Amino acid sequence: MSDTPTLALAKDLLSRQSITPEDAGCQELMIKRLEALGFTIEIMVFEDTTNFWARRGNEAPLFTFAGHTDVVPTGDLTHWNTNPFEPTIIDGMLYARGAADMKGSLACMVVAVERFVAEHPNHKGSISFLITSDEEGPFINGTTRVVDTLQERNEIIDMCIVGEPSSTAHVGDVVKNGRRGSLTGNLTVKGIQGHVAYPHIARNPIHQAMPALSELATTVWDNGNDYFPPTSFQIPNMNGGTGASNVIPGTVDIMFNFRFSTESTVDALQQRVVEILEKHDLEYDLDWIINGLPFLTDTGDLLTAVVNAVDTVNQQKPQLLTTGGTSDGRFIAQMGSQVIELGPVNATIHKVNECVNVEDLEKLTDMYQEVLNNLLA
Ligand SMILES: [Zn+2]
């Protein structure tokens with residue numbers, strides 16, 4: 001039996017060693033297929049990153065499939081049962097680096113669009129692809145730069161499906177209709193270095209920081225809402241001291257990170273942190289990094305179309321969740337777009353022996369096609 005179009009394209013993409021930020025010809029492969037369907041292609045190279053924007057149609061609404069061709073490194077090859085760049089099917093599972101995250105989804109998107117356009121050559125609205133090769137890396141020259149370019153010329157994405165692996169046990173059991181924001185603080189609390197035997201002429205920044213950190217760690221920032229768990233505060237790193245048992249250190253460095261819901265804003269979180277630090281009379285420096293803003297798509301045509309498409313294929317509606325790390329969806333949502341993540345099971349992503357269920361790829365192709373049917377037929 002020969003491979004289905006989805007499986008054949010997935011294997012072709014997975015054979016290319018596109019370790020982030022390399023693309024290794026994956027985009028060229030997709031571009032050829034989309035050009036044949038009448039898409040206008042724009043290749044956007046920013047520094048070391050290759051991206052492309054492809055669009056078919058000039059009307060609104062503008063619907064976009066977003067994804068990435070890069071993959072994370074393989075890790076120790078001796079722990080792989082197969083060559084990670086020789087896609088191999090064992091017991092109905094397709095093994096390769098990127099099978100689930102997310103070259104499988106890319107193949108499903110292309111084939112879904114091929115089928116849809118064949119049936120509806122004069123479809124409503126516009127279909128586009130926003131594909132990057134730096135999602136797994138520093139995400140500086142990928143989706144965010146393409147979004148900037150589109151916004152500069154007022155080309156606004158109305159609805160977007162990101163093909164990130166959203167599912168838990170089988171494809172479509174979970175779709176992500178939002179993501180939490182991520183905000184990091186790098187705090188240095190300053191004291192006065194000295195001999196531990198002469199604490200009266202030193203000032204221990206660790207002792208001073210502890211009550212404030214305790215308050216930060218136990219503060220309720222918000223209670224979340226229907227879609228988001230409460231905002232969480234965690235200290236992933238803390239460094240202080242010289243290693244000697246007789247020196248009071250001059251400073252202690254604390255890194256903390258918020259994963260925050262749409263009930264909190266960056267400004268409000270920053271303000272409350274500063275209030276707590278001031279209350280404890282600390283002398284400190286504090287730098288902030290906004291890693292991503294939260295987004296939520298809790299209503300609208302896209303959500304309805306996706307839920308119904310999954311229901312049509314699975315005879316079961318998906319669960320809507322906002323759990324997990326950040327994704328490129330956050331950059332697209334900043335345009336005001338409706339954004340939903342729908343992709344395969346994420347159990348093996350970034351691990352050795354990454355795999356995807358071959359049947360799930362066929363179902364995902366059907367789901368993507370059904371979304372197009374629901375929105376643009
Ligand atoms: Zn991914």
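Quick caveat: nothing in here was measured; it's all calculated off a predicted structure. Indexing begins at 1, ligand by ligand and atom by atom, following the structure's order. In what follows, residues are counted from 1 in the order of the sequence shown.
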| message | Do the side chains of Glu42 and Arg153 get close enough for a salt bridge, i.e. N-O under 4.0 angstrom? | response | yes
| Over 12 foreign heavy atoms within 6.0 Å of CD1, Ile290 | no
| request: Apply side chain to side chain donor-acceptor pair (under 3.5 Å) to Asp328 and list each qualifying residue two or more places apart in sequence or on a separate chain. | output: Thr143
| query | More than 12 non-hydrogen atoms from neighbouring residues, nucleotides or ligands closer than 6.0 Å to CG on Asp76, yes or no? | reply | yes
| said: Inside 2.8 Å of the Zn ion (ligand 1) but strictly below it, how many protein N/O/S atoms are present? | reply: 4
| Distance only, no hydrogens: is a donor on one side chain within 3.5 Å (strictly under) of an acceptor on the other, for Thr132 and Asn51? | yes
| request: Please report the shortest heavy-atom distance between Pro229 and Ser261, naming the atom on each side. | output: O-CB, 3.8 Å
